[in-house]
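Since the model is a prediction, treat every value here as computed from it, not as a measurement. In the text below, chain A, chain B and the rest are named by the order of the sequence lines, each starting its count at 1.
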Amino acid sequence: MEKIIGELRRMILDYDVEGVTLAAKKAVEAGVDPLKAVEEGLARGIREVGDKFGEGKIFLPELVMAAEAMKSALEVLEPELKKKKKERKTVGRVLLGTVAGDIHSIGKTIVVAMLTANGFEVYDLGVDVPVERFVEKVKELKPDLLGLSALLTTTLPVQRDIIEALKRKGLRDDLKVIVGGAPVSKEWAEEIGADGYGANAAEAVELAKKLLYTSQ
Amino acid sequence: MRPVNLLSKKDMDAIHLASLDVLQEVGIVVPSEEVLRKLDEVGAEVDYGKQHVRIPHNIAEEAIRKTPHRFSIYYRDLKTRKILGGDKTHFGTVGFATNFYDVASRTYRRTTTQDLANATRIADALENVDFYMCMGSPMDVPHEIVDRYMWMLSFENTRKPVINEAMRKEGAVDAIEMASTIAGGMEELRRKPIMIILISITSPLMYDRATLEAFVEACKLGIPTFVNSGPMAGATSPVTLAGTLTLNMAEFISALVISRSINSKAPIIIGSWARAMDVRSASAVLGGPEFALLHAAVAQMAHYYEIPSAGGGILSDSKSLDAQMGYEKALTGIIPAFAGLNLICGMGLIASENTMSPEGLVIDNEIVSMAKKIITGIEVTDETVALDLIKKVGPGGSFITERHTLEHFKKEIWIPKITDRTFPDAWVKAGARDLWVKAKEEVEKILKEYEVPQLSNDIKAKIMEIAERARGGG
């Protein structure tokens, strides 16, 4: 079992998406405890990747690939966790998406990778996400933090729509909302009632840590 | 003189064919019914539902052939002329800074209309600014009229040709109306254009609706457009520079196809801002070596196609007027110039085009002066080889008292304006001043003494009326 857990960790460190997915499937077949597989295999691997990135030893393409590998392996292992009614220990649960009408994803992809490497549990809803879907997923996943990305001045107002929809459904107070994207500013974030604004991916992570820490 | 030929003929053929394949097999997204129909008419494969277009090789090549090799642009006096295309390299400012850098206090603040007016005036005064791309996006003007204000402040504060963005069809209409007011009518403006409308493509391979509207309007009216695209290697284009170049050229060719389908007489220039993604921060790298390389390559491809070319250069990611600014601006300026890029835009802004600096503009003027000198090369004639003179002066002799030296020195030796060449002791005695201090003195002098020839009151009033028309979302 240790061997398989070691393999999971190594595949993350090698940025091997196919390799880690196969290892995850092997882990399930071998009856490895899925919580151990995630925490001692995947999470440990991604933490090492995150540390190396912080030290300037590896760079974004590597970080992003490691996060892709982790995501792929989690797709195999998370259903197992659910079956066994187990939950991973994380810094916090984050839900992210690019708002309706907008298909820009690079910034968000980098934020997802950085949050993942920093121990957050991240759900990425993708791009062009309708307001209703954000609300539905907030209800379902109960995230600690919701991140909204918009890169166009024309899609920026949707960030406000989502916050308003959360208020209407009585969900707004249960989580923190942060916004990001090129046209976003501190003033805009304040105007729409967001809890914060990240000018770049690194700032978004710092902000996430700060907001979740102070809310605990 | 074009000493930089990065790409071999084989390389250029490969990039050319790959770009054509991108257009034919990957296609572009064009969210405009009108443009889709025009493209359909010229023989492109159009999927109206997906707003997706594939352009066959021969249609693309025909559009390249139909693009004017060069065109003229005028100062607002309609007399001074610059030619875009062919063998000349011009330099210009770049836009559209929302921030202003105060060099003395080393602080940043938001750009105001006054900042923009001042910066434009300084650009008008500086002899090495050939084209004026509106340097700032003032933050004290409502969003729906900011582009109109940018055009207005530019026309009022510089005589030089103005390049700026236009928001949607109405934005283009208003900008063109301002220009035709100055030129004395649409026919006059078409014959002697004093402005170029900047159109941006979103990499990879996507147009946006608002931009297309402005593009279509400008083409219909025969007004020159500057089509810019800035794929980011590793993010919005392949991380390999050749892949980024291929994608960039495909995007430009698609713009040529679109503009030719609307008006084959409309002048057009392609402008590349292809850049790398910084692998630590994901920010756009404008001052890096990849930027220099990519724009030299674009220049080469444009000469291969015989079409006018532009792009970023004299750019820096530095937040201050420091050594980083110096080396980045110099290297991103001279390399594309050596490759013959027709218009290099970057003067006046720092921090990855985020921030305007008047003192930076003065320093850039000096960098461009030096670059212009370098690209004139070395003239080799009997007179300049000066064999007879060398014979005359002989071993151990001196050339400083020779007539030949007096007659040729101004053409051969670059005379700087603010570059320091004093001896160390003298420099210390004079206060050990950094370059930016001298640049600041120059800025203050220009703002105090230099006056831009004024537009007539009637014209100014009409332009203001056009600018204000759009207020409140008109």
Side-chain angles (χ1 to χ4, degrees), chain A residues 15 49-68 98 101-117 127-128 149-157 160 180-188 191 198-206, chain B residues 29 31 50-52 96 98-99 108-111 137 139-140 142-147 165 167-168 171 200 202-213 230-240 243 275-285 288 317 319 351-355 473:
Chain A
Y15 325 118
V49 168
D51 288 343
K52 277 202 222 163
F53 179 78
E55 288 160 26
K57 293 196 180 128
I58 63 169
F59 305 98
L60 282 171
E62 291 151 310
L63 185 74
V64 167
M65 200 54 87
E68 290 288 301
T98 298
D102 200 324
I103 60 162
H104 292 95
S105 65
I106 292 163
K108 178 174 63 64
T109 299
I110 293 170
V111 171
V112 166
M114 286 192 180
L115 286 172
T116 304
V127 299
D128 193 15
S149 177
L151 225 87
L152 304 168
T153 46
T154 42
T155 55
L156 200 57
R160 189 210 305 261
V184 179
S185 65
K186 198 160 135 276
E187 293 77 27
W188 169 253
E191 191 187 318
N200 54 58
E203 258 185 48
V205 175
E206 284 317 301
Chain B
V29 166
K50 295 203 176 103
Q51 302 193 310
H52 181 257
F96 310 100
T98 48
N99 288 315
Y108 273 57
R109 59 175 176 71
R110 299 293 205 198
T111 304
S137 187
M139 303 295 275
D140 54 349
H143 184 71
E144 76 266 12
I145 56 171
V146 71
D147 62 331
E165 288 182 317
M167 288 189 333
R168 306 191 6 248
S200 296
T202 304
S203 301
L205 306 164
M206 294 206 29
Y207 284 84
D208 91 37
R209 188 184 312 274
T211 296
L212 276 172
E213 280 183 24
M232 193 147 119
T236 53
S237 64
V239 79
T240 47
R275 81 282 294 275
M277 174 184 75
D278 177 66
V279 292
R280 288 196 178 102
S281 65
S283 63
V285 180
D317 302 310
K319 307 317 163 269
S352 322
E353 292 180 354
N354 191 286
T355 301

List the atom pairs, with distances to 0.1 Å, where a side-chain N or O of residues 203-212 of chain B and a protein N or O form a donor-acceptor pair under 3.5 Å, not counting sequence neighbours.
| residue | atom | partner | partner atom | Å |
| --- | --- | --- | --- | --- |
| B/S203 | OG | B/S229 | OG | 3.3 |
| B/S203 | OG | B/E251 | OE1 | 3.2 |
| B/S203 | OG | B/E251 | OE2 | 3.1 |
| B/Y207 | OH | B/S254 | OG | 2.7 |
| B/Y207 | OH | B/A255 | N | 3.1 |
| B/D208 | OD1 | B/A210 | N | 2.9 |
| B/D208 | OD1 | B/T211 | N | 2.9 |
| B/D208 | OD1 | B/T211 | OG1 | 3.4 |
| B/R209 | NH1 | B/P31 | O | 3.4 |

Open item on the list: Between B/N99 (side chain only) and B/Y108 (backbone N and O only), is there a donor and an acceptor less than 3.5 Å apart?
Closed with: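 Checked: no pair found.
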Open item on the list: If the contact rule is any heavy atom under 4.5 Å from chain B, which residues of residues 56-63 of chain A qualify, in numerical order?
Closed with: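 Answer by number: A/F59, A/L60, A/P61.
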Open item on the list: Can you tell me which of B/A235, B/G234, B/S283 forms the most heavy-atom pairs within a distance under 4.5 Å of chain A?
Closed with: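 Looking at each option in turn, the highest pair count goes to B/A235.
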Task: Residues in salt bridge (charged side-chain N to carboxylate O under 4.0 Å, His left out) contact with B/R110, at least two apart in sequence or another chain - done: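 Expected list: A/E187.
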Open item on the list: List the residues meeting salt bridge (charged side-chain N to carboxylate O under 4.0 Å, His left out) with A/E203, not counting sequence neighbours, and say none if there are none.
Closed with: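 Salt bridge (charged side-chain N to carboxylate O under 4.0 Å, His left out) list for A/E203, sorted by chain: empty.
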TODO: Start with the C-alpha distance between A/H104 and A/L152, add both sets of side-chain angles, then the distance that settles side-chain contact (heavy atoms from CB on, under 4.5 Å), and finish with yes or no.
DONE: CA-CA 9 Å; A/H104 292 95; A/L152 304 168; 3.7 Å; yes
TODO: Select one option (side chain, backbone, both, neither) describing which atoms of B/T202 are under 4.5 Å from chain A's heavy atoms.
DONE: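 Side chain of B/T202 only, per the 4.5 Å heavy-atom cut-off to chain A.
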Task: CA sep, side-chain torsions, deciding dist, call: A/W188, A/R160, side-chain contact (heavy atoms from CB on, under 4.5 Å) - done: CA-CA 9 Å; A/W188 169 253; A/R160 189 210 305 261; 3.6 Å; yes
Task: Contacting region of A/I103 [heavy-atom separation from chain B under 4.5 Å] - done: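 Only the side chain of A/I103 comes within 4.5 Å of chain B.
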Task: Rounded distance (nearest 0.5 Å) linking atom OG of A/S185 with atom CE of B/M139 - done: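 A/S185 atom OG to B/M139 atom CE measures 7.5 Å (nearest 0.5 Å).
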